[in-house]
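A short worksheet on the structure shown next.
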Amino acid sequence: MLLGAGCGGETAETGREGADTSNGKQLFAQKCGSCHALQDAATISQVGPNLDAAFGRARQEGFDESTIFRVTLDQIDLAAPPMPSDLVEGQDAVDVAAYIALVAGKQPQQQTTAGATTTQSATP
């Protein structure tokens, strides 16, 4: 799967840089959140994989945001039942993948703000 994720990386990276993560968050909540848990989007479903758990481990293992983006975009493009194959397409798929790559698996003290990530320090 990771080999396939690397194919077309230059095009995928260009798409990620121009992605609208605010749109991605909205689309995720509307179209993906009924099946996938993601803390930042306040979705708690357990039908599909919990994306915080899946990508939290990947982040711990050293996967960077661009890799998570490519893997997510590939999973959207190669959707297999029960995930609908046309749930999000084109730029919407890029936006959703960029949003997931930005927030999935990050610690609770990290919050997204207008497409950027900021870290809030915890008080002891």
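Considering only heavy atoms from C-beta on, Arg59 comes within 4.5 Å of Ile68 through its side chain. Using a 4.5 Å heavy-atom threshold, the side chains of Ser45 and His36 count as separate. Considering only heavy atoms from C-beta on, Ser66 comes within 4.5 Å of Arg16 through its side chain. Two residues are said to be in side-chain contact when any heavy atoms from C-beta on lie closer than 4.5 Å; Lys106 and Glu65 meet this criterion. For the pair Val88 and Ile76, the minimum side-chain heavy-atom distance is below 4.5 Å. Inter-residue side-chain proximity for Thr67 and Arg70 is flagged as met; some heavy-atom pair is nearer than 4.5 Å.
Atom CD of Gln30 sits about 12.5 Å away from atom OG1 of Thr43, to the nearest 0.5 Å. Interatomic distance, Asn23 CG to Lys25 NZ, rounded to the nearest 0.5 Å: 12.5 Å. Atom OG of Ser22 and atom CG of Leu27 lie 11.0 Å apart (nearest 0.5 Å).
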**Asked** Can Gln91 and Asp95 be said to form a side-chain hydrogen bond (donor to acceptor under 3.5 Å, both in side chains), step by step?
**Response** CA-CA 6 Å; Gln91 186 61 46; Asp95 292 350; 2.8 Å; yes

**Message:** Determine whether Cys32 and Leu87 satisfy the following criterion, side chain to side chain contact (heavy atoms under 4.5 Å, CB included), listing intermediate values before the conclusion.
**Reply:** CA-CA 8 Å; Cys32 310; Leu87 197 57; 4.3 Å; yes

**Request:** Assess whether side chain to side chain contact (heavy atoms under 4.5 Å, CB included) is satisfied between Thr72 and Gln75, documenting all intermediate values.
**Result:** CA-CA 5 Å; Thr72 302; Gln75 291 300 308; 5.7 Å; no

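Between Val103 and Asp52, the shortest heavy-atom contact is O-OD1, 4.0 Å. Closest heavy-atom contact between Asn50 and Ala37: ND2-CB, 3.6 Å. For the pair Phe28 and Val96, the tightest heavy-atom approach, listed with the atom from each and the gap, is N-CG2, 4.2 Å.
In this model, a donor atom of one side chain and an acceptor atom of the other lie less than 3.5 Å apart for Tyr99 and Asp40.
Annotation for Leu78: atom CG counts as buried by contact number, over 12 foreign heavy atoms lying within 6.0 Å. Within 6.0 Å of the CD atom in Glu61, the count of heavy atoms belonging to other residues, nucleotides or ligands exceeds 12.
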